[in-house]
Amino acid sequence: MEHDTPTEGNLDRLATGSIARLLWRYSLPAVVGMVVTSLYNVIDRIFIGQGVGTEAIAGLAITFPVMNVSTAIGVLIGAGASARVSIMLGAADRRGAQLVLGNALVLTVVNALVYLTLFRIFLDDILLAFGASPATLPYARDFMVCLLPGMMVMNISFSFNNIMRASGYPARAMLTMFIGAGINVILDPIFIFVFDWGIKGAAIATDIAMTCSMIFVMAHFMRRDSTLRFTRGIYRLRWRIIAGIISIGAAPSLVNLAGSAINVIVNTSLYTHGSDNAVAASGIFTTYTSLLVMVVVGLCQGMQPILGYNYGAGLYGRLKRCYWLATGAATAIVTAGCAFGLLWPGLIARAFTTDPTLIAVTSRALSLSLLAFWAVGFQIVATTFFQSIGKAGKSIFLSLTRQVIFLIPLLLTLPDRLGLDGVWLSFPSSDVMATIVTALMIAFQLRRLPAAPLPCFAGTKATK
């Protein structure tokens, strides 16, 4: 892997280098970082399941919607800012990229302070509304009370990690993820088993790990040799900058907000048609699929600077090639994960619990929910494609198709007819419908791209 360098040529390579090599160079660190992060989340849940019990897994599943709200607010700024930075650097607007950096920091801190205050005041009410039962509420509360202080740190770490990658430092962005993941994996068993802090220990370990990651990220933007860095005059909020960030970040943010709404409906439906075991099974299913999705998200994080830069430079042939390569890779990844989950669901369940009832419920959940999961990679790449080229409306719409427009109606109707199986079958049904819509939209957009080319920025001799 090439070393990150703060030179202009490091960015110019996005317009002149081999697309396959660029996608590999930018995506590999992002994928490795996301896999490591996902693995420590998986290990987190394995430690909790094996060391605390089934009700703790169910309680942790109840916290997913709360954490999704936090992530959604962070992604609104982080994803939007990183996409804007890529487009501006592609158009040789270094000052504009600097302003995005400063405005993103202020917005991240202000937003986090607001939602953390509300979460702390109304925590029990929120957890109960999100599906907690009397048995699972204490575990969910213990985890969230300890995790709340670290949520703003997580937002800063992940958001500015994306901006670091978008400004030409993919390997350093990967190192950020390794720092957080490594510290968390070390501290988790110590706090849960040695100190006997249970589910609280998992939350405290995450707080410490994310703080270390944040320090590393922020130090990067204070270096004088960084492509973008914190300087005077970039922190005053400007409506044009804010609108540009939010318009692009709205799509992935809505995905996370929709995920919260879905989790509330799923948890309520699972508790109605099943039990706490069904909620715990949903937590295992979510953890497994999140691992696969995070691999694809890492791929998309590597793809996004390439798409944004070449779109800003008007190099549409390179843009299309990058999109198709990423789509093929994402589809292969989720198809492999889908096949494993369908063939060996019991093996996945036993990694999290020794309870035979929970193993049986989880195996059934995986066998039904993953039937059309092979299409999810294509959907994620297409949504990121629209986000990367600044088509906020289309990106938002695609983000909502799978998790809102199709899934919510299915979750409200199928369980009444099919019981617990109806909850699980809602997921593949939604995946199929969303895939059809995504294919139509992406085909239309790709045909339109050459019609209105953007001017290449001065000084770049592009190789198409």
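Because the structure is a prediction, the values reported are computed rather than measured.
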**Complete:** Taken in chain and number order and not counting sequence neighbours, the residues that satisfy side chain to side chain contact (heavy atoms under 4.5 Å, CB included) with V153 are M210, T211, M214
**Item:** ring-ring contact (aromatic ring centres under 6.0 Å, His included) partners for F230, two or more places apart
**Value:** F221
**Item:** Gap between atom CE of M433 and atom OG1 of T438 - 0.5 Å precision
**Value:** 13.0 Å
**Item:** Residues in side chain to side chain donor-acceptor pair (under 3.5 Å) contact with D207, at least two apart in sequence or another chain
**Value:** none
**Asked** Tell me, do L237 and I242 make a side-chain contact under 4.5 Å, heavy atoms counted?
**Response** yes
N/O donor-acceptor pairs under 3.5 Å from side chains in residues 368-376, not counting sequence neighbours:
from, atom 1, to, atom 2, distance (Å)
S369, OG, A365, O, 2.9
S369, OG, W424, O, 3.4
W374, NE1, L371, O, 3.3

**Request:** With sequence neighbours left out, write down each residue that passes side chain to side chain donor-acceptor pair (under 3.5 Å) with S388, or none if nothing qualifies.
**Result:** none
Can you give each donor-acceptor pair under 3.5 Å made by side-chain atoms of residues 104-111, sequence neighbours left out, with the distance rounded to 0.1 Å?
from, atom 1, to, atom 2, distance (Å)
T108, OG1, A104, O, 2.7
N111, ND2, L107, O, 3.3

**Request:** Hey, could you give me the OG/CG distance between S86 and L307, rounded to the nearest 0.5 Å?
**Result:** 9.0 Å
**Asked** With sequence neighbours excluded, what pairs up with R223 under the side chain to side chain donor-acceptor pair (under 3.5 Å) test?
**Response** D225
**Prompt:** Quick one: does S269's side chain have a donor or acceptor within less than 3.5 Å of a partner on V266's backbone?
**Reply:** no
**Request:** Output yes when a side-chain donor or acceptor of S430 lies under 3.5 Å from a complementary backbone atom of R402, and no otherwise.
**Result:** yes
**Asked** Got a sec, which residues hit salt bridge (charged side-chain N to carboxylate O under 4.0 Å, His left out) with R165, two or more places apart in sequence or on another chain?
**Response** none
**Asked** Taking only residues two or more places apart in sequence or in another chain, which ones pass side chain to side chain donor-acceptor pair (under 3.5 Å) with T435?
**Response** Q379
**Complete:** Across all chains, not counting sequence neighbours, the salt bridge (charged side-chain N to carboxylate O under 4.0 Å, His left out) partners of R321 are none
**Request:** Mind checking salt bridge (charged side-chain N to carboxylate O under 4.0 Å, His left out) for D93 and listing every partner two or more places apart, or none if nothing turns up?
**Result:** none
Kindly list each side-chain donor-acceptor pair under 3.5 angstrom involving residues 322-333, sequence neighbours excluded, with atom names and distances?
from, atom 1, to, atom 2, distance (Å)
T327, OG1, Y323, O, 2.9
T331, OG1, T327, O, 2.9

